[in-house]
Peer 1: 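Take a look at the following structure, please.
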Amino acid sequence: MQDYLKGLNEQQYAAVTHKDGPIMIVAGAGSGKTKVLTTRIAHLMALGVDAFNILALTFTNKAAAEMKERISKILGNNEARNLYVGTFHSVFARILRGEAHRIGYPNSFTIYDSDDSRGVLKTVINELNLDDKLYKPNVVHSRISQAKNALVGPAEYAIDHYIQQEDMRSNRPAIAQIYQAYASRCFKNGAMDFDDLLLKMYELLNTQPDVLHKYQHKFKYILIDEYQDTNPVQYQITKLLAAANENICVVGDDAQSIYSFRGATIENILQFQKDYEDVKVVKLEQNYRSTKSILNVANEVIKNNKGQIPKNLWTDNEGGEKIRLVRTMTDNDEGRFVADTIQEQKLRNHYHNKDFAILYRTNAQSRSYEESLRRMGIAYKIFGGLSFYQRKEIKDFIAYLRVIVNTRDEEALKRIINYPVRGIGKTTIERALIAANEQNVTLWEVLMRAGEFGFKSGTLEAINNFTTMIRYFQTLLNDKNASDVAVQVGKHTGLIKDLFSDKTTEGLARYENVQELLNSIKEWTESPDTEDGEVVNKNLAVYLQQITLLTDADNEKEDADVVKLMTIHAAKGLEFPVVFVGGVEETIFPSAMSINTREELEEERRLFYVAVTRAKARLWLTYANARYRFGNLVQNEPSRFLEEMPEDYIDRSFAGGGARNQGGNDNMGSAFQRMQRGFGDYNDAAQAEKRYGAPPQKKVPLLGKDAPASKPSYINAPPKPAQVANHTPSANFTASDTSNLKVGQKVEHQKFGFGAVIKMEGSAHNPIATVQFELNGEKKIMLNYAKLRIVE
DNA sequence: GATTGCGCGATTTTT
DNA sequence: TCGCGCAATC
């Protein structure tokens with residue numbers, strides 16, 4: 001038996017060694033999915049399958065790169081470089097690069113990112129004289145995107161009764177018209193948007209039998225990762241490709257399907273079993289990632305979803321610590337708590353920054369974490385923000401490159417036609433655009449034949465200078481590589497000079513960004529000219545098609561010792577020793593947008609499942625009583641998902657003593673009721689009185705402008721302290737210096753009364769004392785925040 | 001053509 | 001609240 005098969009469990013072994021015919025692997029979270037996929041590919045190659053004949057489709061470029069690397073390691077040779085591994089989008093873009101002419105596109109087609117798509121939509125909506133308040137590019141785009149992902153073209157969209165009804169109901173009957181116009185405008189521009197990369201690939205295979213034949217025989221073995229997140233187009237494409245050999249292997253976990261808003265459908269998993277006869281189904285149910293506590297919580301919560309593939313995810317790992325549930329007063333407190341706890345955990349358990357991840361539902365939540373981490377001097381990085389390629393100066397520069405490669409690219413052309421300023425003003429552009437529409441030619445063609453359209457001589461000269469310059473760049477394409485062309489562009493357009501002359505800080509940053517872009521083009525140009533077994537020309541067109549499909553996550557260096565901040569979506573497929581999930585509140589998680597149907601809610605629950613299962617050893621779930629949203633203070637209830645967690649694996653006592661510690665265990669009430677009552681005060685014990693009690697059920701508007709910002713006394717909680725025995729501070733109460741507090745010392749707390757220190761823990765930066773109070777039982781007191789008077 | 005100011009909308013997730 | 005886009009102005 002080959003060595004690489006030795007480390008596999010029974011199910012993994014079965015999945016790896018099944019050679020021919022369709023197979024579906026249901027892989028629970030942390031069950032060694034990547035290991036199985038990579039070992040399987042290595043095994044196929046060991047059995048003599050040529051790497052050139054294997055296609056593996058992943059969800060991210062990063063996953064693809066990781067896969068190749070691991071296969072190389074298993075095989076101990078360089079054969080893996082000949083594998084065809086990549087995302088759906090990048091693999092199809094690569095194929096279309098060679099075949100697009102077959103369906104009427106230039107092979108050097110441009111790929112439009114979401115910004116470009118929105119731009120085209122804006123133009124089209126204006127041209128149709130539609131109200132852009134009603135037809136917001138974002139809304140329209142997602143509608144069109146859904147249609148494309150479901151293989152519904154403009155014509156079908158327009159006549160489909162159900163779709164039309166939906167659009168009528170939302171008072172947007174013209175979407176069909178916009179879709180049509182958008183599609184033909186993209187086509188005219190020689191451009192494909194993200195969805196087109198799939199749709200046109202399907203069209204290509206479906207209408208060009210010889211092309212289909214070619215790729216069916218090239219890809220003798222097909223593997224698809226994250227199958228639960230595929231959409232109908234992806235399903236149909238892979239079905240076509242696999243039709244000749246039916247050696248198709250899909251791996252997925254229905255419990256982790258979190259992209260239905262993008263058209264993904266779990267239906268594909270069911271359909272798969274119907275479409276292929278004798279599908280072998282293997283379930284990977286042993287989890288190697290998380291502690292029992294973490295896994296049990298995840299399992300218990302996901303049980304509330306109906307209609308899953310039955311499976312029993314279990315682990316041999318140790319029980320581990322309980323999951324900590326922490327309630328704070330505000331989102332800022334939440335941020336502070338997390339930063340403090342990271343600091344404390346680093347010292348206590350010898351973690352590094354990179355061991356921590358802070359996960360959240362929406363990007364907006366990152367702010368409070370950032371502030372706190374920065375204040376404490378903890379290095380962090382936010383993943384998934386504005387990508388490098390979305391910066392204005394980068395887009396400007398790239399727009400030149402795009403126009404040079406494809407003059408039909410109107411979006412890019414409009415962007416640079418008068419940047420830097422060269423005397424082609426708004427009215428000129430307006431006129432040229434109208435002429436282009438009237439004559440049904442491209443904007444570029446109008447510019448080339450500007451003499452025929454009666455522009456003033458000055459304007460005409462400006463236009464001619466511009467087109468001459470672009471055409472000069474085009475002459476370079478033949479014998480210069482991407483990097484050389486880019487450098488010429490920087491010089492001759494005056495772009496570099498323009499940026500360099502801006503001496504403001506931002507201007508300097510912009511200049512440096514463009515330099516970085518030039519460097520990266522150079523680097524790409526000089527890298528080996530094969531990829532996935534194909535010789536790749538290092539020309540501009542190829543470069544541009546690649547970078548559009550790059551996301552920030554793909555460029556990240558793994559090794560940096562930083563705390564990672566990202567959305568839960570972005571965290572899919574990753575794992576971290578310590579995880580914080582923030583904002584576990586109603587209206588955030590589950591999102592207020594996704595609680596209207598059972599389907600939506602179940603997807604939120606799966607998202608929760610994904611969040612929890614990212615953690616290997618330790619997990620905190622935090623939520624705030626109130627947080628700022630659009631400048632208003634909003635109160636949220638704890639997430640319903642918290643109710644669904646099994647009590648045995650949860651520690652609610654952490655931050656400042658929980659309800660369970662507050663004496664009298666008899667009438668604790670349900671877990672949820674206790675959560676609602678609150679867990680004492682993390683931030684400032686002196687204010688606790690104001691805050692205890694059930695949180696208000698309704699949103700409470702922020703008090704007037706003069707409400708002191710530093711003291712969040714806005715919460716209209718009834719002043720009755722639910723469970724805290726009253727204590728009136730001694731007249732001589734002054735906070736003592738507690739930096740040398742020792743076990744056994746007697747202390748007074750303003751609210752909890754007198755007690756004795758029974759345990760000291762935490763770090764020097766964030767010491768925590770456990771105090772046995774005479775009246776209020778045992779509490780954890782964070783000395784940085786709570787004030788204690790040392791009695792003796 | 002650039003600058004300023006005002007008003008309005010935004011926050012679910014992204015290849 | 002904040003940031004962006006658009007309109008009015010020099």
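Proteins come first, then strands; the chains are lettered A, B, ... in the order of their sequence lines, and each starts at number 1.
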Peer 1: Write out a two-atom table: protein N or O, nucleotide N or O from nucleotides 1-4 of chain B, distance below 3.5 Å.
Peer 2:
{"residue": "dG1(B)", "atom": "OP1", "partner": "Asn418(A)", "partner atom": "ND2", "Å": "3.2"}

Peer 1: Atom OH in Tyr628(A), atom CG in Asp331(A): separation rounded to 0.5 Å?
Peer 2: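 It comes to 8.0 Å.
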Peer 1: To the nearest 0.5 Å, what is the distance between CE (Met469(A)) and CG (Asn464(A))?
Peer 2: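 These two atoms lie 12.5 Å from each other.
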Peer 1: With no hydrogens and no angle check, just 3.5 Å: does a side-chain donor-acceptor pair link Asn138(A) and Arg118(A)?
Peer 2: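 Short answer, yes.
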Peer 1: Which nucleotides of nucleotides 8-13 of chain B have their base under 4.0 Å from a protein heavy atom (B), which only their sugar-phosphate (S), and which neither (-), written as one string 5' to 3'?
Peer 2: --SBBB
Peer 1: Enumerate, atom names and distances included, each donor-acceptor pair closer than 3.5 Å involving a side-chain atom of residues 420-428 of chain A, sequence neighbours excluded.
Peer 2:
{"residue": "Arg422(A)", "atom": "NH1", "partner": "Ile416(A)", "partner atom": "O", "Å": "2.7"}
{"residue": "Arg422(A)", "atom": "NH1", "partner": "Ile417(A)", "partner atom": "O", "Å": "2.8"}
{"residue": "Arg422(A)", "atom": "NH2", "partner": "Tyr400(A)", "partner atom": "OH", "Å": "2.7"}

Peer 1: Which stems does DNA chain B form, counting runs of 3 or more consecutive Watson-Crick or G-U wobble pairs with both distances under 3.5 Å?
Peer 2: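 Stem list for DNA chain B: B:1-10 with C:1-10.
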Peer 1: Report, as yes or no, whether the 6.0 Å neighbourhood of atom CD on Glu371(A) holds more than 12 heavy atoms from other residues, nucleotides or ligands.
Peer 2: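 Yes, because the 6.0 Å sphere around CD of Glu371(A) holds more than 12 heavy atoms from other groups.
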Peer 1: With the threshold set at 4.0 Å, does a side-chain nitrogen-carboxylate oxygen contact exist between Arg640(A) and Glu644(A)?
Peer 2: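 Salt bridge: no.
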Peer 1: How would nucleotides 2-10 of chain C be written as a contact map, 5' to 3', with B for base contact, S for sugar-phosphate-only contact and - for no contact, using protein heavy atoms under 4.0 Å?
Peer 2: ---------
Peer 1: Below 30° counts as parallel, above 60° as perpendicular, anything between as tilted: where do the rings of Tyr227(A) and Tyr235(A) land?
Peer 2: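 The rings of Tyr227(A) and Tyr235(A) sit tilted, inter-plane angle from 30° to 60°.
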Peer 1: Return the value, rounded to whole Å, for the distance between atom CG of Asn332(A) and atom C1' of dT1(C).
Peer 2: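 Whole-Å distance recorded here is 13 Å.
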Peer 1: Could you grab the distance from atom CZ of Phe589(A) to atom CG of Leu642(A), nearest 0.5 Å is fine?
Peer 2: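 Taking CZ in Phe589(A) and CG in Leu642(A), the distance rounds to 9.5 Å.
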Peer 1: Would you find more than 12 non-hydrogen atoms of other residues, nucleotides or ligands less than 6.0 Å from Glu461(A) atom CD?
Peer 2: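 Not buried by this count: 12 neighbours or fewer within 6.0 Å.
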Peer 1: Looking at residues at least two apart in the chain, or sitting in another chain, which of them share a ring-ring contact (aromatic ring centres under 6.0 Å, His included) with Phe397(A)?
Peer 2: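 So Phe397(A) forms no ring-ring contact (aromatic ring centres under 6.0 Å, His included) with any residue.
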Peer 1: When the distance from OH of Tyr389(A) to P of dT15(B) is rounded to whole Å, what number comes out?
Peer 2: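 Result: 14 Å.
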Peer 1: Rounded to whole Å, how long is the line connecting atom CG of Leu197(A) with atom P of dT14(B)?
Peer 2: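 Distance, rounded to whole Å: 19 Å.
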Peer 1: Given the P atoms of dC4(C) and dT11(B), what is the spacing between them in whole Å?
Peer 2: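 These two P atoms come out 12 Å apart once rounded.
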Peer 1: Please find out if less than 6.0 Å separates the ring center of Tyr369(A) from that of Tyr380(A).
Peer 2: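 Ring-ring flag for Tyr369(A)/Tyr380(A): false, centres at least 6.0 Å apart.
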Peer 1: With sugar-phosphate meaning primed atoms plus P, OP1 and OP2, does Phe88(A) contact a base, only sugar-phosphate, or nothing at under 4.0 Å between heavy atoms?
Peer 2: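 Here Phe88(A) touches no strand at all.
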Peer 1: As an exercise, state the distance from CG of Asp333(A) to OG of Ser368(A), rounded to the nearest 0.5 Å.
Peer 2: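 Atom-to-atom, Asp333(A):CG and Ser368(A):OG are 9.5 Å apart.
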Peer 1: How are the rings of Tyr182(A) and His141(A) set relative to one another: parallel (under 30°), tilted (30 to 60°) or perpendicular (over 60°)?
Peer 2: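 Perpendicular: the ring planes of Tyr182(A) and His141(A) meet at over 60°.
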Peer 1: Return the value, rounded to whole Å, for the distance between atom CD of Gln146(A) and atom C1' of dT14(B).
Peer 2: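 Taking CD of Gln146(A) and C1' of dT14(B), I get 13 Å after rounding.
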Peer 1: From CG of Asp113(A) over to P of dT15(B), roughly how many Å is that when rounded to an integer?
Peer 2: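 To the nearest whole Å, that distance equals 12 Å.
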